[in-house]
Amino acid sequence: MASIIDTLSATSGGETPVFLNNLVGLLWPNICVAAGKMIKEIAEPMFATMLPGPLSSLHFTKIDLGTVPIRFDNVEVTKTENGGIKLDLDVDWDGECDIDLDATMMPKLGVEHIKLRGRLSVLLCPLTNVIPLIGAAQVSFINPPYLHLDFTDAGGFGDLALVDRAVRKIVLQIISGMSVLPNRFLVKLDPLNDYFQTYQHPHGVLRLTTESAVIGGDKKADGSSHNIFKRLTRDVPDCFVKVSLSAEPQWRTATVKDEHNPAWNETHDFIVSDHDQIIEADIQDDDLAGSDDIGIAATTVKQLLLAGGRQELAVRHNEQETDHKLTVSGKFLHLVPDATSLSEDSASPTDILGLLTVLVASVRGITGKREDLQPSVKVTWGDNLAFRTAIKTDAPGTDIENPSFDQAFRIPVTAGMVPGGAPVRIALMDKEEERGVVEVSLEELLAAPELAMQQDFDVGGGAKVRAGVYLRGTKLAE
């Protein structure tokens, strides 16, 4: 295995994909129609459940994404471990749009301009000696993209900032939930494509330590604070840090009280899907009236490791430089088909010692009335870890008796979970009724070649669930 530094140093700058931009330009009218339908179907239910008051009835009456297509630039091409192709490329869309929104007891609103920028990762799973040559593509933003919406206030709503924040938050949540790492949007070009070959397993684990900060002078670049008492008395801040890595779950340190030079020295593990994922550390002052934002420091997994595993980061507030600094350090651990680390003692009960991954590809041989069937697959491990695929219905283009799911579930393994842990339970569901089940014991998995089992599991009643179960330990990168 090459050293992590050699791997990270091997990438270089990319080129403009002229052919791809020309293709998107030709297909843009069709892309707009499909994207408009998807936006309406996904966003409106989220508006109804997540927006307050009259905003909850917000809905689209018109979606026209205009004539300016998305453009791509700075493409880098690499090969993946499973023989696929990985394209990393910049996405830049400066679109002149015509989008109308309406709501109960509110004037009509419009969106006339959208800016979207980010770094996209496209994984292509090739087929050999078969046409099409590409069996499937998985598309994801490496980090949450930048999104700006220009609203029009033809109806005199007034507080467009409130609408902008609410709508933009939901749109970014939709994008993150579908296509910001570790989430990937799967496009099947061949219906028989093998999901086991398409799925890209995570690279490893980043063991990140938030060490300390220097909070110099006023907490903010403009000297402001939500708390007027603190502003007048120049009270010493009570600092904590919220750390995020792309769409992975956010983590928070403890609060260090009354300290301009807080030291946390707290460590947390993040699963890494791409070395260009951004580590974002949001430093805040813990106030009773609500936390004040001191500023944000950021680096990438790649930058941290190439710096020797330790960096002093500049802190920005409202995109302005401050004189604050944050020091972080980290180690990278590969995920390997070796169970040694799973039984090791760890410094913290939350340290990730390995990863259990369950891929649910499809089900074959479901019986019953097609119009009544609503199959899904439920995966459980122990008493508290339960996951479920989407529930399928008999719709045009769906083989409800042999449905495909192509969904992945990841379970970080911590101390005490292996060995001697509970079996992995894979159940075929019809609505809320369990139609059949199979259990995969950890003993079977540990004895399997490469700690992996991928097969058609017989769950009874003539039905089989095509699933893969993979166990990985960790190994410190050189």
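Heads up: numbering here begins at 1 and tracks the sequence. Because the structure is predicted, anything quoted here is derived from the model rather than measured. Computation of the quantities below employed the complete heavy-atom set of this structure, encompassing side-chain atoms and omitting hydrogens, waters and symmetry-equivalent molecules.
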**Check: F151 and V167 side chains under 4.5 Å, non-hydrogen atoms** = yes
**Message:** Is it true that, when you exclude K86 itself, more than 12 heavy atoms of the residues, nucleotides or ligands shown sit nearer than 6.0 Å to its NZ?
**Reply:** yes
**F409 vs L385, side chain to side chain contact (heavy atoms under 4.5 Å, CB included): CA-CA, chis, key distance, verdict** = CA-CA 10 Å; F409 305 106; L385 296 170; over 6 Å; no
**Request:** Could you tell me whether R71 atom CZ has more than 12 heavy atoms of other residues or ligands within 6.0 Å of it?
**Result:** no
**Complete:** To the nearest 0.5 Å, atom CG of D190 lies from atom CD1 of I134 at 11.0 Å
**Message:** To check you understand the geometry: which heavy-atom pair defines the closest contact between V377 and F405, and what is its length?
**Reply:** CG2-CE1, 4.0 Å
**Message:** Could you check whether any side-chain heavy atom of L20 comes within less than 4.5 Å of a side-chain heavy atom of L89, counting everything from C-beta outward?
**Reply:** yes
**Prompt:** If you round to the nearest 0.5 Å, how far is NZ of K115 from CG of L147?
**Reply:** 11.5 Å
**Prompt:** Is there a side-chain contact between D394 and E401 (heavy atoms, below 4.5 Å)?
**Reply:** no
**Request:** Quick one: do K62 and D98 satisfy salt bridge (charged side-chain N to carboxylate O under 4.0 Å, His left out)? Show the steps, please.
**Result:** CA-CA 7 Å; K62 180 180 181 181; D98 187 6; 2.5 Å; yes
**Asked** For S376, which of E432, K431, R388 qualifies under side chain to side chain donor-acceptor pair (under 3.5 Å)?
**Response** R388
**Request:** Determine yes or no for a side-chain-to-main-chain donor-acceptor pair under 3.5 angstrom, with D88 supplying the side chain and S121 the backbone.
**Result:** no
**Message:** Students often mix this up, so state it plainly: with edges at 30° and 60°, are the rings of F332 and H334 parallel, tilted or perpendicular?
**Reply:** perpendicular
**Item:** Qualifying residue for side chain to side chain donor-acceptor pair (under 3.5 Å) with Y470, from H201, E450, Q454
**Value:** Q454
**Complete:** CG (L245) and CG (L208) are apart, to the nearest 0.5 Å, by 8.5 Å
**Prompt:** So, W251 side chain and T267 main chain: donor-acceptor pair closer than 3.5 Å or not?
**Reply:** no
**Prompt:** Is a side-chain donor or acceptor of D90 paired with a backbone partner of R119 at a separation under 3.5 angstrom?
**Reply:** no
**Asked** Are the side chain of T299 and the backbone of I279 linked by a donor-acceptor contact shorter than 3.5 Å?
**Response** no
**Complete:** Shortest non-hydrogen pair, P145 vs L116, comes out as CB-CD1, 3.8 Å
**Message:** Less than 4.5 Å apart, side chain to side chain, heavy atoms only: is that true for R410 and I271?
**Reply:** yes
**Prompt:** Which heavy atom of I352 sits nearest a heavy atom of T474, and at what distance?
**Reply:** O-CG2, 3.9 Å
**Asked** Can you tell which of D406, N193, T198 makes a side chain to side chain donor-acceptor pair (under 3.5 Å) with K188?
**Response** D406
**Item:** Side-chain donor/acceptor of D456 to backbone N/O of K464, under 3.5 Å
**Value:** no
**Request:** Please confirm whether the backbone N or O of I278 pairs with a side-chain atom of N143, one donor and one acceptor, at under 3.5 Å?
**Result:** yes
**Nearest heavy atoms of S246 and P144, plus distance in Å** = CA-CD, 3.9 Å
**Asked** With distance as the sole test, does S341 use its side chain to make a donor-acceptor pair with the main-chain N or O of L353 at under 3.5 Å?
**Response** yes
**Fill in**
Closest non-hydrogen contact found for Y195 with A361 is CB-CB, 4.1 Å
**Asked** Side chains of V241 and W264: closer than 4.5 Å at any heavy-atom pair?
**Response** yes
**Item:** Donor + acceptor pair across side chains of E266, T253 (<3.5 Å)
**Value:** no
**Item:** Exercise: identify the closest heavy-atom pair between I70 and V91
**Value:** CG2-CG1, 3.6 Å
**Request:** Return yes if some donor-acceptor pair links the side-chain N/O of E434 with the main-chain N/O of A427 below 3.5 Å, else return no.
**Result:** no
**Message:** Strictly distance-based, threshold 3.5 Å: is any side-chain N or O of S57 a donor or acceptor partner for the main-chain N or O of T104?
**Reply:** yes
**Asked** S273 versus H203: any side-chain heavy-atom pair under 4.5 Å?
**Response** no
**Item:** Among I283, I296, D282, the one residue meeting side-chain contact (heavy atoms from CB on, under 4.5 Å) with V315
**Value:** I283
**Message:** Looking at K169, I'd like to know if its NZ atom is crowded, meaning that more than 12 non-hydrogen atoms belonging to other residues, nucleotides or ligands lie closer than 6.0 Å.
**Reply:** no
**Heavy-atom side-chain contact between L445 and L356 under 4.5 Å** = yes
**Item:** Spacing of CG belonging to N183 relative to OG belonging to S176, to within rounding of 0.5 Å
**Value:** 8.0 Å
**Prompt:** Could you give the distance from CZ (F196) to CG (L359), rounded to the nearest 0.5 Å?
**Reply:** 6.5 Å
**Request:** Measure the OG1-CG distance between T61 and L101 for me, rounded to the nearest 0.5 Å.
**Result:** 7.0 Å
**Message:** Is there a side chain to side chain contact (heavy atoms under 4.5 Å, CB included) between Q277 and V272? Walk through the geometry before answering.
**Reply:** CA-CA 8 Å; Q277 285 179 281; V272 176; 3.7 Å; yes
**Message:** Counting neighbours of OH on Y146 that are heavy atoms of other residues, nucleotides or ligands and sit closer than 6.0 Å, is the number greater than 12?
**Reply:** yes
**Item:** Flag side-chain contact, heavy atom, 4.5 Å: K378 against T380
**Value:** yes
Can you list, pair by pair, the side-chain donor-acceptor contacts under 3.5 Å of residues 25-43, counting residues two or more places apart and other chains?
{"residue": "W28", "atom": "NE1", "partner": "G66", "partner atom": "O", "Å": "3.0"}
{"residue": "K40", "atom": "NZ", "partner": "E44", "partner atom": "OE2", "Å": "2.7"}
{"residue": "K40", "atom": "NZ", "partner": "F60", "partner atom": "O", "Å": "2.9"}

**Prompt:** What's the verdict on side chain to side chain contact (heavy atoms under 4.5 Å, CB included) for W381 and L442, showing C-alpha distance, side-chain angles and the deciding distance?
**Reply:** CA-CA 10 Å; W381 191 27; L442 292 184; 3.8 Å; yes
**Message:** Between Q374 and D430, does the side chain to side chain contact (heavy atoms under 4.5 Å, CB included) criterion hold? Intermediate values first, please.
**Reply:** CA-CA 5 Å; Q374 293 185 24; D430 183 15; 4.1 Å; yes
**Prompt:** With a 3.5 Å cut-off and no angle check, do the side chains of D94 and H113 form a donor-acceptor pair?
**Reply:** yes
**Prompt:** Backbone N or O of Q320 within a donor-acceptor pair of the N318 side chain at under 3.5 Å?
**Reply:** no
